[in-house]
Amino acid sequence: MTSQTLKTFLEENLQELKDNGLYNEIDEVQGPNGAKIQIDGRELINLSSNNYLGFATDEALIARANEATETYGVGAGAVRTINGTQTIHRELEEKIAEFKGTEAAIALQSGFNSNMAAIPAIVGKNDAILSDELNHASIIDGCRLSGAKIIRVKHQDMDDLRQKAKEATESGQYEKIMYITDGVFSMDGNVANLPGVIEVAEEFDLITYVDDAHGSGVMGEGAGTVKHFGLQDKIDLQMGTLSKAIGVVGGYVAGTQELVDWLKVRGRPFLFSTSLTPGACAACIEAIDQLMTSTERHDKLWENGRYLKKGLKELGFNIGKSETPITPCIIGEEKLTQQFSKRLNEEGVYAKSIVFPTVPRGTGRVRNMPTAAHTKDMLDEALAVYEKVGKELHIID
Ligand SMILES: *Cc1c(COP(=O)(O)O)cnc(C)c1O
């Protein structure tokens, strides 16, 4: 006899989450995910998406997706290695490589899958990974899946990185050592110190891996954090997503031709999970084409980010140390943060609260994601709501 059935396990655990206020009720968006969204029949200013450039609802992307669906079908029909590689998949990969300034790229079904594919294909049980302590969940899972020794490095602390790289090297225990980091950290909006990373990586022959999910389309005039620092030839693996700034779905790893050849024979989600839909590939190609020919959306995103930050700061909010359009509004205490977000919602602004364990205890925040699709009027309206609710809850005077 086992002690629990599935039913008792689910009941007890769900109840525990609900009792502790940790059960997440998922809001349903009744329509497209644009600068304004409708939830429960109410229209809200949306400051919670990752749709940085507004591509998710772009007419040209929709047209390209429809056209490719007509040409290639709604599904790819197989995994990439059997016969699920269509011309549009090759075209997307060539486009990504051009965009990233690398020899080649491999496209996968999501950013999450890209980390699942690439990390275990590169390192294994005889290797070590130096991993920034604030790395994204998909990096953490990819690292675990690889079986490599995981060594946590203090957040963006280059002295700690050097020390740990030195210890790992001198131990003689590992065949390869890789350093992995987010390019932009999405909770605070800060940017990885890639020049500092390269210095250490060159000293200790580290493999370098940057997950630029929040940097692509945002940093480096759109091409990402690695490009921002001019390090395309130095970072070994540039991983990214097609679901945030690109506005569609999918993920990729860009690097040398040899790297991509290897990932195509050893990346398990590439080998055992059906490829991206043709419509998604075509929409991504259109988005990247637009990004490479015009910085208009990118510039608008930054302008809106600066405007929102300035407004919140002038109102007296603590907006942390973001170096990107990501604008956290740090409230502190968890309950108050949740109440603040709830009141913003009631007043017409959708900005989600992020609390422990996603961020350290006592640093609860409402995170604002302005996009290129927001107008000044929308941001002014949001700021007026922030002022009202901030005063009401005595967060600002
Ligand atoms: C969102 C995100 C991912 C996952 O990307 P998806 O394409 O949504 O699966 C991976 N890494 C980081 C750092 C992210 O922010």
Enquirer: Evaluate the criterion side chain to side chain donor-acceptor pair (under 3.5 Å) for residue pair His136 and Asn115; output intermediate values, then yes/no.
Expert: CA-CA 10 Å; His136 187 261; Asn115 282 333; 5.2 Å; no
Enquirer: Are the charged groups of Lys7 and Glu11 less than 4.0 angstrom apart, N to O?
Expert: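 Answer for the salt bridge query: yes.
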Enquirer: Are Lys391 and Glu387 ion-paired here, with the side-chain N under 4.0 Å from a carboxylate O?
Expert: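 Counted as a salt bridge, because a side-chain N and a carboxylate O are separated by less than 4.0 Å.
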Enquirer: Who are the salt bridge (charged side-chain N to carboxylate O under 4.0 Å, His left out) partners of Glu103, not counting sequence neighbours?
Expert: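 Result, salt bridge (charged side-chain N to carboxylate O under 4.0 Å, His left out) vs Glu103: none returned.
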Enquirer: Between Asp188 and Lys321 (salt bridge meaning N to carboxylate O under 4.0 Å), is one present in this structure?
Expert: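 Answer for the salt bridge query: no.
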Enquirer: Flag the pair Lys376 and Glu303 as a salt bridge only when some basic side-chain nitrogen lies within less than 4.0 angstrom of an acidic carboxylate oxygen.
Expert: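 Here Lys376 pairs with Glu303 in a salt bridge, since their nearest N and O are under 4.0 Å apart.
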Enquirer: Do the side chains of Glu167 and Lys164 get close enough for a salt bridge, i.e. N-O under 4.0 angstrom?
Expert: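 A salt bridge is absent here (no side-chain N lies under 4.0 Å from a carboxylate O).
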Enquirer: Using distance alone, with no hydrogens and no angle criterion, decide if Glu334 and Gln338 have a side-chain donor and acceptor under 3.5 Å apart.
Expert: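 Gln338 and Glu334 do not have a side-chain donor-acceptor pair below 3.5 Å.
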Enquirer: Could you please spell out the steps behind the side chain to side chain donor-acceptor pair (under 3.5 Å) verdict for Asn66 and Glu70?
Expert: CA-CA 6 Å; Asn66 285 338; Glu70 292 289 345; over 6 Å; no
Enquirer: Charged N to carboxylate O below 4.0 Å: is that the case for Lys310 and Glu314?
Expert: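 Yes.
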Enquirer: Do you see a donor-acceptor pair shorter than 3.5 Å between the side chains of Thr225 and Asp212?
Expert: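 Result is yes, a qualifying pair exists.
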Enquirer: Please enumerate all residues that pass salt bridge (charged side-chain N to carboxylate O under 4.0 Å, His left out) together with Glu175, with sequence neighbours excluded.
Expert: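 Glu175 satisfies salt bridge (charged side-chain N to carboxylate O under 4.0 Å, His left out) with no other residue.
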Enquirer: Any ring pair (Phe, Tyr, Trp, His ring centres under 6.0 Å) pairs touching residues 322-380, not counting sequence neighbours?
Expert: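 Sorted pair list: Phe317-Phe340, Phe340-Tyr386.
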